[in-house]
Amino acid sequence: MNQIMKFQSQLLNWYDLHGRKNLPWQVDDSYLVWISEIMLQQTQVLKVIDYFNAFISEFPNMKLLAQADINDVLALWSGLGYYNRARNIHKTAQICVQEHNAILPLDLKKLMALPGIGQTTAGAILSLASNLPFAILDGNVKRVMSRVYRVGEIKLSEYTNKLWQLAEQNISKQRPKNYNQALMDLGSLVCVRSKPRCHECPLNTLCQAYQVNETELYPPKKTKTKQIAVTLHALLVIKDEKILLRKRGETGIWAGLWFLPEFIGKKSSNLLHSIKHVLSHRILTINVYKNKELVDKIQDCHWVALSDLKKFAHPSALVKIINAVDLKY
DNA sequence: AATCCGGGGAT
DNA sequence: ATCCCAGGATT
């Protein structure tokens with residue numbers, strides 16, 4: 001038996017015993033697989049489950065999603081982050097209704113041409129929903145492959161190309177769905193970033209990093225982008241259980257979401273609270289003021305009942321601010 | 001090739 | 001405090 005066949009059979013035998021088989025999106029429905037894959041981009045499984053169930057309850061199929069108001073789609077995304085994913089889901093649903101008979105195309109290139117779908121998401125849709133032999137290369141697969149084949153310290157583009165090559169070379173033609181799911185499960189349950197459980201790993205006899213006791217050196221660390229500090233000044237006005245909100249512009253952080261009205265410059269008086277909110281590329285200091293005299297000068301604001309907040313797409317920072325200031329204000 | 005885009009879990 | 005998560009689009 002050659003190395004690739006060993007890799008496949010040992011991985012699939014492990015999956016049959018220990019793999020995940022009951023996640024809510026593990027169904028033969030490309031629509032549901034697609035929604036889950038978008039939500040799972042840079043987002044952990046545990047957090048996605050509740051968002052996924054709420055989303056498909058409201059938009060159970062492609063046509064209903066395509067007909068939806070984008071604001072309602074975004075509202076169901078509140079707190080999940082990377083809100084362009086919600087916009088792209090909506091656009092893709094409309095394209096599928098118009099051009100693909102209201103279903104996702106069963107074609108790698110056509111899938112990748114849709115907004116928000118790259119090679120990994122396209123491969124996941126084809127393999128997980130239709131059991132077609134297309135590879136994926138998410139964070140889990142990268143970690144497993146970089147350790148098993150000891151792929152490290154090279155130029156990023158070469159690193160990525162090499163891992164794609166390995167992912168495609170090793171995929172099972174007989175059980176591609178289970179193979180991809182197995183690699184992801186192995187990466188998230190056994191071949192974890194720190195202190196991998198190599199003694200439980202079905203690939204440990206093949207793993208080059210394990211053989212030389214260097215699993216901690218793989219995968220190579222990502223180069224982190226510098227976080228820039230930004231200070232915002234915002235007004236918190238709550239009256240009769242309603243809060244004054246403003247819809248943000250279509251570009252930048254929290255594009256199109258509802259947040260507190262902001263103003264330029266600072267007023268040292270009337271400062272209610274200063275909140276630190278960290279994003280992947282920004283460190284926000286949000287100074288929250290009460291200054292009802294300014295309210296009349298703020299344009300494009302709407303009073304939103306606090307009990308209706310979930311109907312208005314908003315970042316988690318808004319909830320953080322309301323909770324932090326609530327008792328004092 | 002580097003940056004933008006959120007939020008939070010694990011350590 | 002650091003790393004990174006079922007990444008993709010844009011610059």
Side-chain angles (χ1 to χ4, degrees), chain A residues 19-20 23-26 32-52 74 77-89 91-92 111-129 134-144 146 155-161 163-164 167 177 180-189 191-196 216 219-228 230 248 250-257 259 276-284 313-320:
Chain A
R20 294 179 288 194
L23 292 167
W25 45 83
Q26 289 184 300
L32 300 183
V33 170
W34 166 54
I35 299 295
S36 74
E37 286 301 324
I38 302 300
M39 287 188 171
L40 286 161
Q41 288 170 5
Q42 298 293 287
T43 310
Q44 295 176 345
V45 169
L46 191 60
K47 177 158 193 179
V48 166
I49 291 176
D50 288 341
Y51 280 88
F52 176 81
L74 280 168
W77 218 268
S78 294
L80 197 56
Y82 288 141
Y83 298 94
N84 265 336
R85 295 184 295 176
R87 301 175 184 284
N88 286 336
I89 267 187
K91 289 178 192 167
T92 286
L111 282 172
M112 291 178 66
L114 294 166
I117 299 180
Q119 188 171 354
T120 285
T121 299
I125 292 168
L126 293 171
S127 62
L128 301 181
F134 289 88
I136 60 176
L137 190 62
D138 70 336
N140 292 310
V141 179
K142 283 181 181 171
R143 191 166 50 256
V144 172
S146 88
K155 200 193 333 178
L156 180 61
S157 58
E158 296 175 14
Y159 173 75
T160 303
N161 288 340
L163 293 185
W164 267 115
K177 173 170 81 172
N180 278 340
Q181 186 66 51
L183 268 186
M184 291 190 286
D185 289 354
L186 189 70
S188 67
L189 301 173
C191 192
V192 292
R193 181 169 61 83
S194 73
K195 298 182 180 175
E216 297 290 348
K221 296 194 187 308
K222 295 178 180 176
T223 60
K224 55 192 172 196
T225 63
K226 193 170 76 174
Q227 292 176 298
I228 299 170
V230 175
R248 296 175 61 84
E250 296 305 310
T251 61
I253 292 167
W254 304 328
L257 272 62
F259 190 64
K276 186 179 178 185
H277 190 78
V278 178
L279 307 180
S280 54
H281 62 305
R282 293 287 185 276
I283 300 174
L284 303 179
H314 58 276
S316 67
L318 178 61
V319 177
K320 188 192 295 187

key: Value in whole Å for how far the P atom of dG6(B) lies from CG of L80(A)   = 11 Å
message = For the NZ atom on K320(A), are there more than 12 heavy atoms of other groups (residues, nucleotides or ligands in this structure) within a distance under 6.0 Å?
response = yes
key: Rounded interatomic separation in angstrom, taking NE2 from H277(A) and P from dG8(B)   = 7 Å
query = Once you round it to whole Å, what is the distance between P of dG8(B) and CG of L284(A)?
reply = 13 Å
key: Close side-chain approach of I35(A) to W25(A), heavy-atom, < 4.5 Å   = no
message = Rounded to whole Å, please give me the gap between CG in L74(A) and P in dG7(B).
response = 12 Å
message = Between K195(A) and T251(A), which residue's closest nucleotide on DNA chain B lies nearer the 5′ terminus?
response = T251(A)
ask   = Is any side-chain nitrogen or oxygen of S316(A) closer than 4.0 Å to OP1 or OP2 of dG7(B)?
value = yes
request  = May I ask you to test the Q119(A)-F134(A) pair for a side-chain heavy-atom distance under 4.5 Å?
outcome  = no
request  = Quote, to the nearest angstrom, the P distance that separates dT11(B) from dA6(C).
outcome  = 13 Å
note = Tightest non-hydrogen contact, residues P115(A) and K91(A), listed as CG-CB, 4.1 Å
query = Under 3.5 Å, is there a donor-acceptor pair linking the side chains of N88(A) and R85(A)?
reply = no
ask   = What interatomic distance, in whole Å, is found between P of dG6(B) and the corresponding atom of dT11(C)?
value = 15 Å
ask   = Hey, does F52(A) have a side-chain heavy atom less than 4.5 Å from the side chain of L80(A)?
value = no
key: Euclidean distance, atom CD1 of residue I283(A) to atom P of dG6(B) [Å, nearest integer]   = 16 Å
note = For H314(A) and S78(A), the nearest pair of non-hydrogen atoms, with its separation, is N-OG, 3.0 Å
Using the 3.5 Å cut-off, write out each protein N or O paired with an N or O of nucleotides 1-4 of chain B and the distance between them.
unit_1: dA1(B); atom_1: OP2; unit_2: S157(A); atom_2: OG; d: 3.4

Aromatic plane relationship, W254(A) with F259(A) - under 30° parallel, 30 to 60° tilted, over 60° perpendicular = tilted
query = When the C1' atoms of dG8(B) and dA9(C) are considered, how many whole Å apart are they?
reply = 23 Å
inquiry  = Using a 4.0 Å heavy-atom cut-off to protein, can you give one letter per nucleotide of nucleotides 4-11 of chain C, 5' to 3': B if the base is in contact, S if only the sugar-phosphate is, - if neither?
reply    = SBBBSS--
query = C1' atom, dC5(B) versus dC5(C): distance in rounded Å?
reply = 14 Å
ask   = Closest heavy-atom contact between L257(A) and P315(A)?
value = CD2-N, 3.6 Å
